[in-house]
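Proteins get letters first, then strands, A, B, ... in listed order; numbering begins at 1 in each.
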Amino acid sequence: MKDRYNFSEIESKWQKVWEETKPFKVTEDPDKEKYYVLEMFPYPSGKLHMGHVRNYSIGDVIARFRTMNGYNVLHPMGYDAFGLPAENAAIQHNVEPAEWTWGNIAEMNRQLRQLGLSYDWDREVATAHPSYYKWMQWIFIQFFKAGLAYKKESQVNWCPSCQTVLANEQVVDGCCERCGSLVGKKNLSQWYFKITDYAERLLSNLDKLDGWPNKVKIMQRNWIGKSHGAEAQFKIQDYDETLTVFTTRIDTIYGTTFMVLAPEYPSVPDMVKGTEYEADVMAYIDRCAHMSEIDRTSTTNEKTGVFIGKYAINPFTGKTMPIFIADYVLMGYGTGAVMGVPAHDQRDFDFAKKFDLEIIPVIDPHDPEVDLNNLKEACAAEGTVINSGEFNGMDNKDAIQKIAEVADERGIGRKTINYRLRDWLISRQRYWGTPIPMIYCDDCGWVPEKEENLPVLLPTDVEFTGKGESPIVTSKTFVDTVCPVCGKPAKREVDTMDTFLDSSWYELRYCDARNDEEVFSKDKVDYWMNVDQYIGGVEHAIMHLMYARFFQMALYDLGLVKDEEPFQNLLTQGMVIKDGAKMSKSLGNIVTPAEIIEKYGADTARLFILFAAPPERELDWSDKGVEGSFRFLNRIWRMVYEFLEKYENIPGKYEIRNEADKKLAYTLNYTIKKVTEDVRDRFNFNTAISAIMELVNEMYRYKEGDVNEALYSTAIKTIVVLLAPFVPHITEELWQELGYEGYVYDQKWPTYNEEELKKDEIEIVVQINGKNKEKINIPGDATREDMIQIASENEKIKGLTEGKNIVKTIAVPGRLINIVVKG
RNA sequence: GCGUCUGUGGUGGAAUUGGCAGACACGCUGGAUUUAGGUUCCAGUGCGAAAGCAUGCAGGUUCGAGUCCUGUCAGACGCACCA
């Protein structure tokens, strides 16, 4: 054995072994309990960053730990390979998106292999590969057939100068990131998925997801945004249309003094056509088209709006009231029309003040602080209904029910449930995505491509000018085709799919990644699913996880999978930051995995990243901290080296000869217990590693005395096995140097001996009125009464309680005694 | 703006169930080893002279609060076409 830890030699040696022997390749084995560990697959930007290293290190510890505990572990990796950056590279650097992407994947594959991760690489998928997107298209067609996909007109960001559609990300402060022009909106007919049909199930199933962090479930609940309320219908004076509003406060309908429509409300242009209001209204609509939703709904902004010259009629009072359009009303939520009740809604209050509109209080909260005739702000409190005709005197909570019932009877409204969740817009006017396998025929309408013709391949004769609605339009071979139903000339859909679709079912494809005959074998998916542990960035808490859940439910309804939920347990990791800020090029605080691996090796990088913080928290990168982790591995190396030089390696049954042996045996067993529980139950790898460090410190102390070779050999062997999931290369090397058979990744996880964890004597604290006063030693098996007895005999405690009235004494076994005194 | 989360020594963090705040590590200080630097090994290290005081800030519940409750401030993440 070499006296120095040569990490680069060791790491490349074992990576080569793993590459050749494929120890992490798995197949279905009905006799073994399976465990599916999945890390969110990366977008192949070309460079691995520390967030990736963190994600995959966490997953690798879990996968290796479960393998050592006897599970049949599925641990796959792949690439979310479609997306905007490849297209930008094409536009800016004139490189084919495919070439750019496959090059990046090759580079990232190389970097991932340097980390020593236990993947079954034979299951690698890349969503941009036809063998993957063929089945993406197949799933789309099944969804279409099931009525889950439909076309609808909607708005996109449009740069008038570039003549192209922009992603929200490409819009900076309302302007095009490329040319700086003011971005507008453009209407396009686009594909949607009816995720709202699943709103209730997506919501109620959350209760079953015990293995998910509460915060993620709360975020998803809020995102779905279920609210119970009512619809009410308002006729428009001298215009043949009825406005339907959604409100959660139908009890305040008598207080409605105006109506507000979203600027995009479809009939608004027609209502103002040819009137004196037309110019102002159309100008306002245009202005709103340049604003983001976040800006529009900000409650701190001064309210803006325009009167459209029409009046609505309150269905209960018959009173007429002005109709406005205003940016704080969104077309995408509710019905795009709201009743303005300034007395009881703050946004309506602000609007009424601005436009000098009437404020009618209709709920009396019986609060002396609130002057109903001179409101300073809206009063959302509950109370008694007033100024509301037949409903006066009711409790407003009862009125919410009653008014909705009365409206229903009179045909002017009804109770309803509204969700904030909107249908999923999946069309992208982009090249580098899965082509939507739909064909438009003048006679048959939108029909899917025949399944035997899949995949609909992305055309390669495309120009990337950065202009136009979709680059695919420039292909001379793609668009024209024949109708799969009637055979007449027809045209293909030129939009591609949102890349979120690709990543909504990849966990299923991993179960049977090389299947050319079907999307996946049901038997294989039934064996491996669900994912036992999913790990990824908390930034995906809502969208990706909601979409993947929706896919699984839809596939469940199609009979393709046996469960409604794909991810049993979820671990959301925090970001990697440096000096208190996100690592970014512009701040110049980036540390790349490559430079750390070069300088210290992958084991050190993994160890530091797992040791520096628990997975859920942000991780503050520290170069000094990395050196500390490197030092620890060197310390281990030297300890084993010295052991092999000086002692016989005879692990196994040992005698406890003295206090030193007893102490080491205790620490050894305690460490096994601690590491097992921290990894298995809590994912607190930082405390697991610190426990191992304490064991090493104890062993350094121990070896200075009279060494019990059997015990010390056992400790050496155990520590190598305990460290194996964290630092796989060095432990494999040490295992070999110690002369053991087989591989350390294949060893059985150690168990601990309860007997050796028992202590004869423990130290507890004695408090008086909650303040620590004394420490006493008591027998390990002392009862409450024993504890109090021993404490009361202590000289210091006697002195402190003398002449005082002891009110009570609280004894917590194994921890403390608190004596409460008076006087 | 809305939603969610996080605030503990000089630093990263520990305290798992309301029960000794600061494990482990970094940094720093001192010592040993070394021709010297580095490495390594050992010891010390929240503040305070002490009584005591300390977990962003202000209250509250409790025998006891970093942990629970209310309010507040600061930062991070998400907000539907980045992935």
Side-chain angles (χ1 to χ4, degrees), chain A residues 40-43 45 80 82-85 156-157 165-171 190 195 213-216 218-219 221-223 225 292-301 328 332 420-430 498-500 502-503 537-544 546-547 572 574-575 577 580-582 608 611-614 616-629 631-632 634-635 638 677-678 681-682 684 686-687 689-694 697 700 704 763-772 775 807-810 812 814-821:
Chain A
M40 291 181 185
F41 63 171
Y43 177 78
S45 60
D80 190 12
F82 275 134
L84 196 56
V156 292
N157 298 314
V165 178
L166 298 177
N168 286 345
E169 195 193 45
Q170 297 172 299
V171 181
Q190 307 202 70
I195 193 171
N214 229 348
K215 62 173 177 183
V216 174
I218 293 169
M219 280 191 265
R221 264 185 213 114
N222 290 335
W223 185 261
S292 78
E293 216 164 87
I294 292 173
D295 288 339
R296 281 176 54 172
T297 51
S298 170
T299 51
T300 48
N301 283 358
Y328 76 97
R420 207 181 68 98
L421 184 70
R422 312 200 283 251
D423 272 344
W424 180 5
L425 170 66
I426 61 150
S427 297
R428 297 291 181 268
Q429 292 70 41
R430 299 275 161 64
D498 178 2
T499 56
F500 268 122
D502 306 319
S503 54
V538 67
E539 66 272 19
H540 296 290
I542 299 179
M543 300 186 67
H544 162 62
M546 186 82 74
Y547 293 142
T572 52
M575 284 200 326
I577 60 172
K582 188 176 176 169
F608 169 72
F611 176 63
E616 301 246 2
R617 291 259 292 253
E618 274 183 352
L619 185 149
D620 200 359
W621 185 268
S622 145
D623 294 333
K624 289 283 185 190
V626 179
E627 280 180 41
S629 293
R631 265 205 298 265
F632 174 70
N634 277 287
R635 201 163 148 85
R638 280 193 304 274
E677 289 170 1
D678 279 354
D681 307 332
R682 306 204 302 155
N684 277 22
N686 55 332
T687 51
I689 293 164
S690 77
I692 297 173
M693 287 173 171
E694 285 181 80
N697 291 343
Y700 263 76
E704 294 308 309
E763 190 187 64
I764 63 161
V765 149
V766 183
Q767 301 181 329
I768 292 176
N769 289 345
K771 302 261 183 254
N772 297 354
K775 289 187 176 179
V807 181
K808 62 174 159 177
T809 305
I810 290 139
V812 183
R815 293 202 189 268
L816 56 65
I817 291 171
N818 187 14
I819 302 167
V820 185
V821 299

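Within 4.0 Å (heavy atoms only), L619(A) reaches no atom of the nucleic acid at all. Base engagement by L425(A) is indicated by at least one non-hydrogen atom pair under 4.0 Å involving a base atom. Nucleic acid contact class of R296(A) (heavy atoms, under 4.0 Å, all strands): none. If you check every strand for non-hydrogen atoms under 4.0 Å, N697(A) touches sugar and phosphate atoms only. Within 4.0 Å (heavy atoms only), A612(A) reaches sugar-phosphate atoms of the nucleic acid but no base atom. Counting any heavy atom pair closer than 4.0 Å across all strands shown, R221(A) reaches no nucleic acid atom. At a threshold of 4.0 angstrom between heavy atoms, the contacts of P614(A) are confined to the sugar-phosphate backbone, with no base atom among them. Residue-level contact check: V156(A) touches the bases, meaning some heavy atom is under 4.0 Å from a base atom. Contact annotation for Q190(A): base contact, defined as any heavy-atom pair under 4.0 Å involving a base atom. Residue contacts shown for M546(A) are absent, as no nucleic acid heavy atom lies under 4.0 Å away. In this structure, F632(A) reaches neither bases nor backbone, as no heavy-atom distance under 4.0 Å exists between it and the strands shown.
Distance NE2 (H540(A)) to C1' (G78(B)): 11 Å, rounded to an integer number of Å. Rounded to an integer number of Å, the gap from N168(A) CG to A83(B) C1' is 13 Å. E293(A) has its CD atom 17 Å from the P atom of G1(B), to the nearest Å. Atom CG of D623(A) and atom P of G27(B) are 12 Å apart (whole Å). Atom OH in Y700(A) sits roughly 5 Å away from atom P in C41(B) (whole-Å rounding). For the pair H544(A) NE2 and G78(B) P, the interatomic distance rounds to 15 Å; values are reported in whole Å. A straight line from CD of E616(A) to P of G13(B) spans 14 Å, rounded to a whole angstrom. Note: CD (E627(A)) to P (C28(B)) measures 11 Å, nearest angstrom.
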At under 4.0 Å between heavy atoms, which parts of nucleotides 48-53 of chain B does protein reach? Answer with one letter per nucleotide, 5' to 3': B base, S sugar-phosphate only, - none.
-> ----SS

Summary of protein contacts for nucleotides 2-7 of chain B, nucleotide by nucleotide, where a base hit scores B, a sugar-phosphate-only hit scores S (4.0 Å, heavy atoms) = -SSS-S

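When the P atom is compared between U29(B) and U16(B), the two are found 34 Å apart, to the nearest whole Å. Annotation: A58(B) and C73(B) have their C1' atoms spaced 11 Å apart (nearest Å). For G19(B) and G13(B), the P atoms lie 22 Å apart once the distance is rounded to whole Å. The same atom, P, is picked in U45(B) and in A23(B); the two are 10 Å apart, to the nearest Å.
Of all nucleotides listed (C26(B), C41(B), A80(B)), A80(B) comes nearest to the side chain of R422(A). When distances are taken from the side chain of S690(A) to each of A23(B), G12(B), U40(B), the shortest belongs to A23(B). Here C42(B) is the nucleotide among C77(B), C81(B), C42(B) with the atom lying nearest to any side-chain atom of R635(A).
Residues H544(A) and E539(A) form no side-chain contact, since every pair of their non-hydrogen atoms from C-beta on lies 4.5 Å or further apart. Using a 4.5 Å heavy-atom cutoff, the side chains of D423(A) and I195(A) are in contact. Counting heavy atoms from C-beta outward, R635(A) and Y700(A) have side chains that approach closer than 4.5 Å.
The base of C81(B) is paired with the side chain of Q429(A) by a donor and an acceptor separated by under 3.5 Å.
For G9(B), the glycosidic angle deviates from 0 by 90° or less, giving a syn base.
Formation of a donor-acceptor pair under 3.5 Å by the N684(A) side chain with backbone atoms of P614(A) is not found in this model. No side-chain donor-acceptor contact under 3.5 Å links N772(A) to the backbone of Q767(A). A donor-acceptor pair under 3.5 Å links the side-chain atoms of N769(A) to the main chain of V821(A), judged by distance alone.
For the OP1/OP2 pair of A14(B) and a distance below 4.0 Å, the side-chain nitrogens and oxygens of N686(A) include at least one atom meeting the criterion. Considering only side-chain N and O atoms, R682(A) lies nowhere under 4.0 angstrom from the phosphate OP1 or OP2 of U16(B). Listed pair S622(A) / U11(B) fails the phosphate criterion, with no side-chain N or O lying under 4.0 Å from OP1 or OP2.
The strand RNA chain B forms stems, runs of 3 or more Watson-Crick or G-U wobble pairs with distances below 3.5 Å, at B:1-7 with B:73-79, B:10-12 with B:24-26, B:27-32 with B:40-45, B:56-60 with B:68-72.
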Between the protein and nucleotides 19-21 of chain B, list the N/O to N/O atom pairs that are separated by less than 3.5 angstrom.
{"residue": "C20(B)", "atom": "O3'", "partner": "N772(A)", "partner atom": "ND2", "Å": "3.0"}
{"residue": "C20(B)", "atom": "O2", "partner": "K775(A)", "partner atom": "NZ", "Å": "3.0"}
{"residue": "A21(B)", "atom": "OP1", "partner": "N772(A)", "partner atom": "ND2", "Å": "2.9"}

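Of all heavy-atom pairs between T572(A) and V216(A), the closest is CG2-CG2, 3.8 Å. Taking all atoms of both residues into account, the shortest heavy-atom contact from N222(A) to R420(A) is O-NE, 3.3 Å. Scanning all heavy atoms of the two residues, the minimum distance from E618(A) to A613(A) falls at O-CB, 3.7 Å.
Between atom CG of residue L84(A) and atom CD of residue Q170(A) there is a gap of 4.5 Å, rounded to the nearest 0.5 Å.
Residues satisfying the ring-ring contact (aromatic ring centres under 6.0 Å, His included) criterion with Y547(A), sequence neighbours excluded, are W424(A), F500(A). Taking W621(A) as the reference, F608(A) meet the ring-ring contact (aromatic ring centres under 6.0 Å, His included) condition, with sequence neighbours excluded.
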